[in-house]
Amino acid sequence: MKALRKSVVGVAAIGAGALMLSGCAGSEPTTDAEGQIVVTLWHSMRGNNGEAFQEIVDDFNDSQSEIVVNASEQGMYDEAYTKLLQVVGTDEAPDVMQMGNMRETVEAGLITPMQEFIDADDQFDIESLQPVLRASWSMDGALQYMPQSASTNVVFYNADAFEEAGLDPDEVQTYEDFEEAARTLQEEAGMDYGAAFLIDGGVVQTLMGLRGEPLLDNGNGREAPPTEAVFNSSAGVETMTWIQEMYEEGLTGNYGRSFDDLRQPWYAGQVGMIGDTTAATIMHTQSADFAFDSMPLPVPEGETSAGVSTGGNGMAIFADAPEETQQAAYEFVRFASSPEVQARWAANTGYFPVVEEAYDEQVLIDAMDEIPALASANNQELADGEDPNSLSSLSGVSATSELSDVWEALYDGGDPQTVLDQSAAEITSQLETYNQANQN
Amino acid sequence: MRLVQGRLSRILVWIALIVAAFMTSFPLLYAISASLMSQADFNAGAVLPTWPLDFSNYVDAFGKFPLLHYLLNTLIMSLIVMVALLITCSMAAFAFTFIRFRGRGVLFGVMLSTLMIPWEATIIVNFQTVRDLNWLNTFQGLTVPSLASAFGIFLLRQAFRTLPHELFEASQIDGASRFRFFVSMVVPLSRPMLATLAVYTFINTWNKYLWPLLVTTDDRVRTVQIGLRSMQGEATTQWPMVMAATVMVMAATTIVLVLGQRQLKAGLAAGAVKG
Amino acid sequence: MTAVDTKARRARSTGRAQPPHESPERRRLRRRREWRNLLSGLAYLSPVLVIFAVFLFYPAIKAGWLSFFNTNVRGLPTVFAGLGNYIATLTSDGFRQSLVATVSFAVMVVPTTMAIALCLAVLANEKLRGMAFFRTVYALPLAISAAAAAVVWRLIFHPSQGILNAFLGIFGISPVGWVTDPNVALISVSLTTIWMHLGFTFIVLLGGMQSLPTELYESASLDGAGRWRQLRNITVPLLSPVLFFVSIVLVIDSFQSFGQIDILTQGGPAGATNLIVYEIYQNAFVHRQVGYASAQTVILFLIVVVLSAVQFRFGERKVHYQ
């Protein structure tokens with residue numbers, strides 16, 4: 001009823017033609033009845049992972065009495081980010097958020113670099129972060145976001161079906177091996193499709209990163225703002241041709257862009273291997289009634305993997321929030337990346353821990369013993385973070401969402417070189433506009 | 001025109017009616033059927049639920065999602081828009097019909113021209129306006145931009161113009177008595193068309209999608225349509241439960257439709273013919 | 001035009017004319033009354049005028065202004081772009097594809113919906129027992145929101161769990177990628193939309209049909225005109241104003257379709273269902289190019305104006321008014 005009354009007042013206000021000016025984010029932190037600082041947190045974790053995330057928040061709130069974190073789920077990353085930009089500058093904006101899009105937020109001055117909090121904190125050792133993550137979430141020589149939920153794209157396979165078809169997962173290393181395995185699964189294990197991928201530019205990003213091939217110039221946008229798309233290189237064409245040929249041969253199925261639609265047929269035993277994120281490992285243990293395991297995505301014949309780079313997201317603290325609230329948010333961020341919390345988080349979800357010491361925790365050791373896919377994911381070789389081209393691209397214009405469109409065009413029979421050239425030109429022109437509008 | 005001209009044609013018409021009814025209601029029947037299935041039945045590709053019916057999906061939908069809260073929000077939003085729109089539009093239509101003033105024709109033309117402005121052309125700036133007013137996640141943000149409708153004014157003006165001419169003469173008085181005339185004569189006599197507009201506005205507002213998507217970022221005033229959207233894309237969507245929620249969402253407007261169907265048919269057709 | 005209407009018009013025109021011999025006193029009174037009428041008229045109009053000004057005219061103008069700028073992440077104009085956004089829009093493959101998709105969509109949806117709804121209305125216009133039930137059933141989609149309809153159809157179209165593919169499977173037809181195949185997705189979205197619009201179209205057409213005079217049919221039957229000829233020669237011509245109204249509403253609705261796209265396909269696959277409003281939404285809110293998106297809204301506005309003008313010009317001529 002209060003909201004109703006408020007809206008009536010609103011109607012009256014507009015009727016009188018009165019314009020209310022927006023209230024700026026005050027410099028005083030919001031506090032609750034007990035005087036605790038309230039930190040608003042947005043995240044994108046759902047289902048099993050959402051519960052595990054809420055557990056971290058609850059534990060933090062119980063562990064002390066100065067700060068209370070209010071977490072709310074805001075949809076998938078893209079959706080949540082769209083919402084964020086809708087509310088930036090209003091009272092509805094969060095104080096801290098689990099997100100990506102780092103170049104954009106840094107250039108727009110939306111966030112306070114994580115480095116500033118760490119530099120003022122003598123308890124946190126930045127060296128404890130895994131190198132690939134530290135590299136991934138740094139820009140302009142400073143750590144901008146705190147890594148929190150780190151995942152990689154891998155291949156989950158139905159181990160029962162592999163056994164039935166007489167396949168050895170260790171021998172599935174190259175594009176050709178993968179194709180052959182898919183064919184065998186169809187022929188020997190009666191699968192509708194040997195494999196399926198989510199139509200997602202993020203998968204292309206991983207496939208290219210494994211080969212040390214960039215999507216954008218200037219070291220994938222990590223050495224300087226990107227100005228040009230280069231994913232139409234011969235490597236890009238090779239990788240996308242592989243994807244297209246498997247589809248046209250009927251080895252992979254097209255289940256669209258939704259994770260849910262991709263996983264259903266795998267659970268139902270209609271598809272043998274799916275490209276999926278390690279973040280789904282524990283969810284898979286709850287839904288798959290067969291033995292399964294994971295292995296790295298393949299590389300072309302004659303190449304060796306440069307180590308896998310990470311997706312997922314980091315924690316960003318917003319510059320608009322009152323200073324005390326920002327500091328309180330940092331307390332939570334540090335808590336969430338401590339070895340104990342990260343070990344439990346990894347064991348409960350499938351994300352891998354952002355700090356090396358988490359592997360010493362018993363809870364994670366036990367989980368890795370119990371769940372093969374978790375062990376495989378955590379034992380895969382990570383990129384060392386030295387080569388920017390093996391990291392994900394850092395850009396104000398999303399190359400990966402464009403690559404999802406490319407993928408669909410290829411499933412529709414487009415010529416890989418032509419389609420990639422067109423898309424690259426499109427991204428290059430968008431980069432030009434973005435750089436003009438946002439960097440002066 | 002009569003199709004039925006004999007026994008055979010009667011049977012054929014009946015068959016056609018039933019087939020058409022099945023086709024038009026199939027998505028609804030399928031939704032209801034899926035909402036009563038267990039997840040296991042659903043995964044096995046069942047078409048009909050097994051007996052005894054399983055209502056646990058409905059319980060889950062209300063338990064796991066703030067569905068009741070969404071429904072209430074949507075109801076409040078729809079009622080605000082419905083009531084306020086009836087008031088603003090009937091006042092405007094009254095002025096255009098019963099008050100003679102300079103520039104009336106021009107203003108009416110301007111009003112009608114707004115029908116040409118596609119609503120989408122305004123959303124970007126409207127969103128910015130509502131954000132700058134700090135109206136995100138409020139009912140005023142949800143409702144105020146749609147509190148006037150050229151279509152509504154037009155429809156009511158049509159109705160007001162069919163009122164007896166004597167009323168028109170009587171209205172050439174001014175001041176307070178004019179307002180009383182408006183409230184005690186014009187409005188009651190135009191009840192059918194007002195009801196049409198009310199039902200139409202209620203259903204349209206209840207079903208709004210893009211605007212609530214933009215101006216609600218959390219559950220406080222989020223409407224049920226946006227709630228439905230967020231129920232999917234779970235790691236593994238529980239379709240039977242989503243269908244249960246969908247059925248509940250459809251039920252509300254269906255009741256309004258069944259109650260207001262006669263009004264809607266007569267009113268909209270009249271508006272169409274005279275338009 | 002009704003009698004009341006004519007009289008009202010006459011009354012208005014005499015009210016405006018200058019009486020030839022008017023005493024200064026009466027003139028003063030008349031002036032005062034006119035002044036008071038103006039104030040009172042504006043008072044009654046003020047709520048809608050304010051709303052229209054703030055939420056319709058201002059944004060329309062502001063969008064025009066924004067369309068000449070490139071905007072930053074916060075949606076604020078930073079660099080004057082001149083006609084850059086218009087040139088970019090008109091030369092972009094994405095926009096052209098989206099325009100083609102929107103037109104094909106309208107072409108699939110509008111005539112089909114009207115044809116099916118007309119059949120339903122003819123059936124439901126019979127006088128049979130239980131007809132009230134059928135009428136309600138046919139009108140039902142009117143009550144269903146785009147979101148709810150799209151969620152249900154998404155399940156119907158589901159690649160591995162959908163009933164449509166299961167049904168086709170009975171006849172040995174391999175699964176169709178209803179929402180994943182670029183060649184089929186627009187048809188699937190159209191199917192959903194046709195169903196959504198059926199209720200409204202049906203209810204308006206039935207209302208129109210019920211107000212048609214019955215005598216014409218009686219004399220036509222006496223002349224031995226068959227049912228088909230009666231439909232073609234009497235019903236459709238007499239119903240033409242209603243059909244015209246419905247066609248305009250449906251065309252506008254097709255151009256505004258958003259919810260079903262957002263839930264079913266999100267504009268994909270490969271942009272096949274990226275209808276114009278979805279394209280604008282994506283550019284404005286997802287890609288954060290408010291200036292570019294504003295240019296697209298201006299172009300959309302011009303298209304709708306031209307389209308309505310054309311529709312009125314050709315439609316009105318064919319419409320039979322009583």
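Labels below follow one simple rule: chain letters A, B, ... track the order of the sequence lines, proteins then strands, and each chain is numbered from 1. Note that this is a predicted model, so its numbers are computed, not measured.
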Pick from I144(C), L307(C), L155(C), V305(C) with the largest number of heavy-atom pairs that fall under 4.5 Å of chain B: L155(C)
Crowding at CE, M131(C) (>12 non-hydrogen neighbours, <6.0 Å): yes
Greater than 12 external heavy atoms within 6.0 Å of F26(B)'s CZ: yes
L213(B) portion near chain C, given a 4.5 angstrom heavy-atom threshold: side chain
Interchain contact, L107(B) with chain C, by part (heavy-atom threshold 4.5 Å): side chain
Heavy-atom pairs under 4.5 Å with chain C, option from I124(B), V249(B), I255(B), V130(B) with the top count: I124(B)
Qualifying residue for side-chain contact (heavy atoms from CB on, under 4.5 Å) with T254(B), from L142(C), T136(C), L140(C): L140(C)
Exam field: side chain T253(B) to backbone A143(C), donor-acceptor pair closer than 3.5 Å: yes
Please report the shortest heavy-atom distance between [X] and [Y], naming the atom on each side.
| X | Y | value |
| --- | --- | --- |
| P27(B) | W153(C) | CG-CZ2, 3.5 Å |
| N126(B) | V54(C) | OD1-O, 4.0 Å |
| A63(C) | V125(B) | N-CG2, 3.8 Å |

Sub-4.5 Å side-chain heavy-atom contact between R10(B) and L128(C): yes
Residues R104(B) and N37(C): side-chain donor-acceptor under 3.5 angstrom: no
